[in-house]
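To start, the structure itself, in structure tokens.
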Amino acid sequence: MAPDTVEPRLVVRGGQRLEGQVTVAGAKNSALKLMAASLLASGTCTLHNVPDIQDVHTMREVLEYLGAVVGFEQGTMTIDTTAVQSHVAPYDLVQRMRASIQIMGPLVARFGRARVAMPGGCNLGQRKIDIHLRGLAEMGGQVRSDHGFVEVTAEKLHAVDMFLDYPSVGATENLLMAGVMAEGTTTLENVAREPEIIDLCKFLVSMGADITGAGSSTIRINGVDKMHPTEHTVIGDRIEAGTFLIMGAVTGGDVEVNGISPHVLDLFLSKLRAVGVQVQENTRSIRAVGDPERHSAVDVATLPFPGFPTDLQAQMMVLLSVSKGVSVLTENVFENRFGFVDELVRLGADIRVDGNHAVINGGRALTGAIVRCTDLRAGAALVAAGLVAEGCTELRDVYHVDRGYERLEDKLRSLGADVERVTAPVSGVC
Ligand code: EPZ
């Protein structure tokens, strides 16, 4: 960062009890894939309830780089892919957002070619794409890499019966999109079952695809000749919903999140109840009432859906850090997703990491400090910690948070939080 420009920071002053209602935005981890899937047809797709977050703007840049014309205002996005003629995703865009890899399936399916810069390192772990590439190769794609790019070419993709080594969300999505116009019937087993997969399948079917089994471990795709543009509303963001429920609970507050169906957070909600948070489920909203005096330790292990979501692991660690007793939190999805523990310890948490286990000696009083966001969900978790810490917490590298949370400080202020975004030129704004 040049000295004369100061990075924005979030300043949180703890002690306020959150209370009220907040509506979640459209799901980041669906919207990005729907944008990529629009490449499968020539013409204009319209998406509603698209979140206004940095990753969506980055994916928009990727689509425009390919030649698409994208309009986006008030949550509605139009994507005209008529003029798409490139098949290359450059390093700078991929480095900014790994989800750029999701354009590979649709580009190979429609144009027979995709060339995507291999994403660099990531602070969650390796983030391999071997399952993506093995599937594309088994569908007839020629896969090669050179100069830091991975390229897949295919005259015409053909159907495949394939077991995924791991129910990878991204691999499931790329292979789904590759299969919709492949010759024959593709059967994918051991696929991801996340709600965002179901949303993508609904979108693809409305574009003319023939898909069954969405949300189960086996998806079948009968290849069609052509796909056509469509209109679709993105599902609510379950991770944003879970984040706000934890932010309310740790402050002993009463928060209701609207625009979300509880069934997408079943196991997460049962863990909140096990801690001692009162949870009320309605058709399109979830309400959580915290009582910190009652909150107690619970063991949590992250798993692919319907298991406990890895994207709520960091937020849950904050709640367990201030709940009485010893909890063990196990991260099974990413090999390095405890990067933010050191920051939480700076706020006074008592956590010991041993491999993919974090032993949390809870019931500690947190005190505010300067901390650094290490990734998107860790940043949100540190905001939650600041809400309950005594005094003032200053968060650096908030660009991570801006990748996936729309107007976070506005929504928190509407619930009574004392949080602001500052660009003061000196450190130590607290
Ligand atoms: C998606 O990432 C989400 N991102 C992640 O959310 C989420 O944490 C993850 O799914 C798991 O739910 C988007 O949807 C944009 P994976 P993805 O492929 O697709 C291994 C957030 O904060 N793997 O299911 O990259 C991989 O190394 C982000 O919103 C392979 O080994 O997740 C990882 O350990 C963070 N080979 C595990 O699977 C492969 O070919 C899970 O990865 C692919 C994945």
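Computed from a predicted model, the values in this text were never measured in an experiment. Both ligands and their constituent atoms are indexed starting at 1 by order of listing.
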Ligand 1 atoms nearer than 4.0 angstrom to some heavy atom of L376 are 21 (C), 22 (O), 29 (O)

So the atoms of ligand 1 within less than 4.0 Å of a heavy atom of R337 turn out to be 8 (O), 22 (O), 35 (C)

Here the atoms of ligand 1 under 4.0 Å from any heavy atom belonging to L124 are 35 (C)

When L312, D311, V318 are each screened for side-chain contact (heavy atoms from CB on, under 4.5 Å) with Q315, the one that passes is L312

Check: Is there at least one pair of N or O atoms, one from R377 and one from ligand 1, spaced under 3.5 Å apart?
Finding: yes

- Message: Using a plain distance cutoff, I'd like to know if G170 has any nitrogen or oxygen under 3.5 Å from a nitrogen or oxygen of ligand 1.
- Response: yes

Between E196 and the options R238, K33, K28, the side-chain contact (heavy atoms from CB on, under 4.5 Å) test singles out R238

If you measure every N/O of R127 against every N/O of ligand 1, is any gap under 3.5 Å? yes

Neighbour count >12 (heavy atoms, 6.0 Å) for atom NZ, K411
yes

*asked:* Salt bridge check, D199 against K202: does any charged N sit closer than 4.0 Å to a carboxylate O?
replied: no

Practice prompt. Decide yes or no on ring pair (Phe, Tyr, Trp, His ring centres under 6.0 Å) for H87 and F111, but give the supporting numbers first.
Written response: CA-CA 8 Å; H87 58 276; F111 299 105; 8.5 Å; no

### Message
Can you tell me if L133 contacts ligand 1 (heavy atom of the residue under 4.0 Å from the ligand)?
### Response
no

With heavy atoms and a 4.0 Å threshold, my read on which part of R403 contacts ligand 1 is neither

- Message: Tell me whether I131 has any N or O atom under 3.5 angstrom from an N or O of ligand 1.
- Response: yes

heavy-atom search around atom 30 (C) of ligand 1 in the protein gives D130 OD1, 3.7 Å

Nearest non-hydrogen contact to atom 27 (O) of ligand 1 from the set R98, M59, K128 belongs to K128

The answer for which part of V333 has a heavy atom under 4.0 Å from ligand 1 is both

task = Decide if atom CZ of R220 counts as having more than 12 heavy atoms of other residues, nucleotides or ligands within a radius under 6.0 Å.
result = no

- Task: Could you check E61 against R96 for salt bridge (charged side-chain N to carboxylate O under 4.0 Å, His left out), going step by step and ending with a plain yes or no?
- Result: CA-CA 11 Å; E61 283 185 62; R96 226 190 297 163; 2.8 Å; yes

Note: S168, heavy atoms under 4.0 Å from ligand 1, region reported as both

Please check if the number of heavy atoms outside R352 that lie under 6.0 Å from its CZ is greater than 12. no

closest protein heavy atom to atom 11 (C) of ligand 1 is T310 CG2, 4.0 Å

Closest to atom 32 (O) of ligand 1 among protein heavy atoms sits F334 CZ, 4.2 Å

For residues Q21 and N258, is any side-chain donor paired with an opposing acceptor at under 3.5 Å? yes

Original post:
Do V169 and ligand 1 have an N or O pair less than 3.5 Å apart?
Top reply: yes

Ligand 1 to K28, heavy atom cutoff 4.0 Å, flagged ligand atoms 21 (C), 29 (O)

| said: Below 4.0 Å from ligand 1: does a non-hydrogen atom of E331 turn up there or not? | reply: no

### Task
Ignoring hydrogens, tell whether any protein atom lies closer than 4.0 Å to atom 13 (C) of ligand 1; use the non-hydrogen atoms only.
yes

Next item on the list: Please check if atom CZ in F163 has more than 12 non-hydrogen atoms from other residues, nucleotides or ligands closer than 6.0 Å.
Entry: no

- Item | Distance-only N or O hit between ligand 1 and D311, under 3.5 Å | yes

Nearest non-hydrogen contact to atom 15 (C) of ligand 1 from the set D237, L164, N29 belongs to N29

Ion pair check, D165 and K128, cut-off under 4.0 Å: no

Do T302 and T310 have a side chain donor and acceptor closer than 3.5 Å? no

Contact region, Y166 to ligand 1, non-hydrogen atoms below 4.0 Å, reads side chain

Practice prompt. Find out whether V257 and T23 are in side-chain contact, i.e. whether some heavy atom of one side chain is under 4.5 Å from a heavy atom of the other.
Written response: no

Any K33 heavy atom less than 4.0 Å to ligand 1: yes

Legend entry - E256 versus N282, side-chain donor and acceptor atoms under 3.5 Å: yes

Quick note on ligand 1: atoms under 4.0 Å from a heavy atom of I129 include exactly 39 (C), 40 (O)

